[in-house]
Amino acid sequence: MVELLESKKISLYDELEKIVLTSSFSNLAYVDGRKTANKLGFDIWQDLKQIYSEEVLKRKLKIKDLYTDSQAFPDFMFKSISQDNQLIGGEILELKDSKGGGIASFNSTIPTEYKTLKEIERLNGSKGKIVIKIAEIFDKNSSDPLWKTYKRKCFYLIRTHKTDKSKIKVSIVDGAFFETIPEEKLISLMFQNIFNKHAKEYHIPDTVKENASQVFQYLTDHSLISFSQDIPKASIKPRLRIMAEAKNEGNPHWEKYNIPSRTLNLVIKADSESKITREIIEESKLPIKIFTINHQNDGEFLVFSYRVR
DNA sequence: ACTGCTAGTGAGGTCAATGC
DNA sequence: GCATTGACCTCACTAGCAGT
């Protein structure tokens, strides 16, 4: 990535998609924005087209158009690697681009540290199969029995102040930075919060309050919540969607975390594995600064920071 | 059995209004 | 003045239905 930036093939102002495609094209098992990629000069089907015609590919995959932006989760998925009979890699990458200093809203998909393909299939609901169908073709390990169920690490490619030359920051962020309590708990606590506000505003008997928090422990599943609700005699169907905004402490680009502007960063949890990354970077003698962020709710994170001239 | 259409759902980003 | 909340608008994919 650093070499690419220095060779001027990409810049921090390019589309985030272009940054990913330029640096990782051959390592990707899934690209959500096939249309966008094509516009940027990347044809994910180029190799397969040597073997099959476009028509055959469409028929095999049961899709009408090879070049659409699915707008499903995730934006990118890397190919898995089989090592000592175990699947590793296959990471998920989501993009978040915004003009201001905050991270663009998470819409419907709550950010997490890990996700399995099975979970992705479910959370994508009616679009559920598309990711798997495409990734199966590109990932040579897709026949492994654990391919759909092993935990994949989620990363977020975050950019803030994207149009401001003096303030721009780009980071690849460990999903753990956002998931400081598990999703199910988050959702049930959200309903609890809503209820508490009602309790303050209206007279709700104490016995009901006690029962209520028990009930909320069972409201945990976003894919069941997000259906539009058919209410007898109602002529509209209300539809709940959980959107989420990163708080300051969940935004690595928060001023207090001191990531400098005009930098490209990798932000990962400081654990035993990250020590290895640290050693590799230190030995590489690349112009990368290493420092730590103390996440208010989730311990220490390591930042590998490269400044763009 | 096949085709074409549409309702339902998932996702994205930005801006306006409101609250503190 | 900045953060939070509400709203807007767009597009893709699938299931299921109606018509042939």
Side-chain angles (χ1 to χ4, degrees), chain A residues 13-18 20 30-40 44 55 57-77 92-112 115 117-136 154 156-164 167-168 170 175 178 183 187 190 193-194 197 200-201 221-231 234-251 253-256 296:
Chain A
Y13 301 97
D14 282 328
E15 307 287 332
L16 291 181
E17 286 88 348
K18 188 183 164 190
V20 177
Y30 179 74
V31 174
D32 195 67
R34 276 93 57 200
K35 184 169 147 192
T36 304
N38 204 35
K39 221 166 59 189
L40 295 168
I44 69 158
E55 291 311 310
L57 270 175
K58 282 193 227 171
R59 217 175 317 128
K60 276 172 86 82
L61 287 160
K62 292 182 190 157
I63 53 178
K64 277 188 202 155
D65 187 345
L66 295 178
Y67 301 95
T68 56
D69 295 340
S70 292
Q71 299 193 193
F73 182 93
D75 290 326
F76 294 99
M77 189 168 80
I92 306 293
L93 184 65
E94 271 291 287
L95 311 184
K96 290 274 167 236
D97 211 5
S98 66
K99 281 190 170 172
I103 298 175
S105 323
F106 297 95
N107 191 346
S108 299
T109 308
I110 310 269
T112 55
K115 275 190 171 66
L117 260 182
K118 263 242 158 345
E119 285 164 0
I120 290 168
E121 184 176 11
R122 190 169 135 74
L123 68 87
N124 275 330
S126 63
K127 288 189 211 176
K129 292 236 171 0
I130 186 87
V131 176
I132 287 172
K133 280 196 296 196
I134 292 177
E136 266 175 351
C154 302
Y156 292 79
L157 178 59
I158 305 285
R159 176 163 66 177
T160 51
H161 294 293
K162 65 173 171 181
T163 54
D164 188 331
K167 292 183 178 167
I168 191 167
V170 180
F178 305 110
E183 183 180 345
I187 294 175
M190 179 185 78
N193 266 3
I194 296 167
K197 288 234 165 85
K200 260 191 184 165
E201 203 73 29
D221 186 339
H222 182 248
S223 60
L224 297 178
I225 291 165
S226 63
F227 287 115
S228 25
Q229 304 298 321
D230 201 345
I231 315 263
S235 48
I236 54 163
K237 297 203 288 182
R239 175 179 166 203
L240 276 180
R241 288 201 296 177
I242 297 177
M243 293 183 62
E245 320 294 334
K247 294 198 214 173
N248 281 337
E249 56 260 41
N251 176 0
H253 293 175
W254 185 28
E255 297 302 329
K256 284 192 184 164
Q296 235 162 288

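Sequence lines set the chain letters: A, B, ... in the order given, protein chains first and strands last, and positions in each chain run from 1.
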Salt bridge Arg122(A)-Glu119(A), side-chain N to carboxylate O under 4.0 Å: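 Salt bridge between Arg122(A) and Glu119(A), a charged N being under 4.0 Å from a carboxylate O: no.
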Salt-bridge present (Arg159(A), Asp97(A); N to O < 4.0 Å):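 Salt bridge: yes.
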Provide, to the nearest angstrom, the distance between the [atom1] atom belonging to [X] and the [atom2] atom belonging to [N].
| X | N | atom1 | atom2 | value |
| --- | --- | --- | --- | --- |
| Leu123(A) | dA11(B) | CG | C1' | 11 Å |
| Ile103(A) | dG12(B) | CD1 | P | 14 Å |
| Glu15(A) | dG13(B) | CD | P | 11 Å |
| Glu17(A) | dG12(B) | CD | P | 11 Å |
| Met243(A) | dG10(B) | CE | C1' | 12 Å |
| Arg159(A) | dG13(B) | CZ | C1' | 13 Å |
| Leu95(A) | dT14(B) | CG | P | 13 Å |
| Glu119(A) | dG10(B) | CD | C1' | 17 Å |

Using a 4.0 Å heavy-atom cut-off, does [X] contact any base of the nucleic acid, only the sugar-phosphate backbone, or nothing at all?
| X | result |
| --- | --- |
| Lys247(A) | nothing |
| Asn248(A) | nothing |
| Asn107(A) | base |
| Arg122(A) | nothing |

DNA chain B: 5'-proximal contact among Ser70(A) and Ser98(A) (nearest heavy atom):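 The answer here is Ser70(A).
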Give the first and the last nucleotide of DNA chain C, reading 5' to 3', that has any atom under 4.0 Å from a heavy atom of chain A.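 The protein-touched segment is dC11(C) to dT14(C).
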Side chain to side chain, [X] and [Y], heavy atoms closer than 4.5 Å:
| X | Y | answer |
| --- | --- | --- |
| Lys96(A) | Phe106(A) | yes |
| Phe178(A) | Ile158(A) | yes |
| Phe76(A) | Leu95(A) | yes |
| Lys58(A) | Lys64(A) | no |
| Leu157(A) | Asp75(A) | no |

So if I take every side-chain heavy atom of Phe73(A) and compare against dT14(B), dA11(B), dG12(B), which nucleotide ends up nearest?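 Per side-chain heavy atoms of Phe73(A), the pick is dA11(B).
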What's the closest nucleotide to the Arg239(A) side chain, out of dG10(B), dG13(B), dT14(B)?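 Of all the options, the side chain of Arg239(A) is nearest to dG10(B).
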If you assign each of Ser105(A) and Lys35(A) to its closest nucleotide in DNA chain C, which residue comes earlier from the 5' end?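 Result: Ser105(A).
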